[in-house]
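Treat the numbers as computed from the prediction; the structure is a model and nothing was measured. Hydrogens, waters and symmetry mates are skipped; everything else that's a heavy atom, side chains included, is used.
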Amino acid sequence: EEITAATTYSDFPGFLNSFVWVNRKLTQPEHYAMVARRLFERLEAEGVVYVEVTLSVGVILWKKLPFDPVFEALQKEAARTKIGVRWIFDAIRQFGPEPAAPVFDLAADRVHEGVIAIGLGGDEERGPALQFKDLFQKARDRGLRLLCHAGETPGTTIGPRSVWEALEIGAERIGHGFRSIEDPRLVAHLAEKKIPLEVCITSNVRTSSVPSLGEHPVRKLYDAGVPIILNTDDPALFDCTLKGEYALAAREFGFTDAELAGLAENAFTYAFDQSLLIGR
C-alpha cells in the first residue's frame with residue numbers, strides 16, 4: 001500500500017515526487033546494481049542491443065552518496081550484459097548551474113569509462129537551459145555529447161521556447177520536445193537540421209503533459225519530417241516497455257511496420273556511440 005501510494009501521481013510534479021521517493025530508497029551501491037541488473041535483463045528480453053542509460057548523478061550527489069562506489073557497481077553490471085551500454089550523466093536543472101557543475105566534471109572524467117553524454121532533467125521552468133550554456137560548451141570541449149529535456153511540461157511560460165533554448169546551448173538531441181508542435185518554425189528547423197526528439201508517449205500521458213493519448217502530437221511531428229526516436233523514459237515508474245511503445249505507436253497513431261522500422265533505425269542513426277553498433 002505504501003508503494004502504491006508513493007508511486008501514484010496525476011501530473012508532472014507528482015511524478016517528480018514519486019521519482020524522489022524511489023531514489024531515497026537507493027542508499028547503497030548494491031541497490032543501484034540491482035536496478036541496473038533488472039533493467040538489463042528486461043532490455044535483453046526485448047531484443048535491445050545498445051542502450052544509453054540516463055543516470056541521475058545530480059540526485060546521487062544531492063543524497064550525499066559517495067559516487068565512485070555507485071558507478072563501479074553499475075559498471076560491473078554493464079560488463080555482465082550482452083547489451084552495449086553507455087551512460088548519460090544527468091544534472092538536475094532546477095538546482096541551478098552551481099550544483100550541476102560537479103555532475104559535468106564527473107562525466108568528463110569518465111569519458112573513457114563508458115560515459116558518452118551529459119544531460120539536463122527535472123523542472124524546465126525552474127531551471128532554464130540558458131543558465132547552463134557555459135557548462136554545456138565546456139562539456140562539448142571535453143568530449144561529451146549533449147542532450148537536454150525540453151518542451152515536455154505544460155505551462156504558458158515554457159514549451160517551444162524551452163526547446164529553442166536547449167538548441168542554443170548546444171543540445172544535439174531533445175528529450176521529449178513534443179511541444180515543438182506549437183511552433184511551426186521550430187518544427188521546420190528540427191526537420192531541416194535533423195535534430196531528433198526522444199519521444200516517450202506513455203510518460204507524457206501519465207504525467208498529464210498531454211491531456212489524453214489521442215492528443216499526443218507524435219504523428220504530426222513525424223509527418224512533418226522531424227526525426228523521432230521512441231523511448232520509455234522511466235519504465236518502472238511509467239509501467240511501460242520499449243516494445244510496448246512501438247505497439248502503442250502502431251495501434252493509436254497508425255504507424256505502419258515500415259514506419260516503425262524507420263523509428264528503430266533512427267535509434268541507431270542518432271546513437272551517440274556508433275562504434276558500439278558495428279556488427280550489431
Side-chain angles (χ1 to χ4, degrees), residues 50-61 67 71 84-153 158-180 186 189-200 221 226-231 233 266-277:
Y50 171 81
V51 62
E52 294 174 1
V53 182
T54 296
L55 178 63
S56 190
V57 177
V59 170
I60 294 173
L61 299 184
F67 180 74
F71 190 60
V85 178
R86 287 292 180 259
W87 303 99
I88 298 168
F89 281 14
D90 186 79
I92 309 301
R93 58 195 304 160
Q94 66 265 28
F95 291 177
E98 186 174 344
V103 178
F104 282 68
D105 288 337
L106 287 170
D109 290 344
R110 289 161 177 79
V111 166
H112 301 295
E113 299 177 44
V115 179
I116 196 69
I118 190 78
L120 284 181
D123 190 329
E124 56 190 298
E125 186 167 25
R126 290 192 288 141
L130 293 180
Q131 293 182 351
F132 302 87
K133 189 171 185 177
D134 289 344
L135 285 174
F136 262 56
Q137 181 176 349
K138 292 175 183 176
R140 182 177 57 245
D141 293 341
R142 297 169 79 180
L144 289 162
R145 307 296 294 272
L146 310 175
L147 64 86
C148 185
H149 282 58
E152 175 190 8
T153 51
I158 52 177
R161 178 172 60 84
S162 180
V163 178
W164 281 118
E165 291 181 359
L167 297 176
E168 184 175 340
I169 68 172
E172 301 169 77
R173 293 197 321 235
I174 301 295
H176 302 283
F178 65 87
R179 290 196 62 195
S180 301
L186 176 56
H189 179 79
L190 296 171
E192 179 187 355
K193 301 298 183 182
K194 301 298 181 186
I195 300 168
L197 301 183
E198 304 171 343
V199 174
C200 311
L221 288 163
V226 177
I228 300 295
I229 311 168
L230 288 182
N231 304 265
D233 207 349
N266 282 346
F268 289 86
T269 299
Y270 297 102
F272 282 147
D273 192 343
Q274 294 293 317
S275 68
L276 278 187
L277 299 175

To check you understand the geometry: which heavy-atom pair defines the closest contact between Leu144 and Ala107, and what is its length?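 Distance-wise, the nearest heavy atoms are CD1-CB, 3.8 Å.
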Ignoring hydrogens, what is the shortest heavy-atom contact between Phe272 and Tyr50? Give both atom names and the distance. N-OH, 3.9 Å
So, taking the atom named [atom1] in [X] and the one named [atom2] in [Y], what distance separates them when rounded to the nearest 0.5 Å?
X	Y	atom1	atom2	answer
Ile228	Leu197	CD1	CG	4.5 Å
Glu198	Glu152	CD	CD	11.0 Å
Leu55	Ile60	CG	CD1	4.0 Å
Glu98	Gln131	CD	CD	12.0 Å
Ile158	Glu165	CD1	CD	10.5 Å
Phe104	Asp134	CZ	CG	10.5 Å

Is it the case that the side chain of [X] and the backbone of [Y] share a donor-acceptor pair, with hydrogens and angles ignored and the cut-off at 3.5 Å?
X	Y	result
Glu52	Ile88	no
Glu124	Gly151	yes
Arg93	His149	yes
Arg86	Ile116	no
Asp123	Glu125	yes

Decide yes or no for [X] and [Y]: does some side-chain heavy atom of the first lie under 4.5 Å from some side-chain heavy atom of the second?
X	Y	answer
Arg173	Ile229	yes
Phe136	Leu120	yes
Leu186	Leu167	yes
Arg145	Asp273	no
Glu168	Leu130	yes
Leu221	Leu190	no
Asp90	Val103	no

For the pair Phe71 and Trp87, name the ring-plane relationship: parallel under 30°, tilted 30 to 60°, perpendicular over 60°. perpendicular
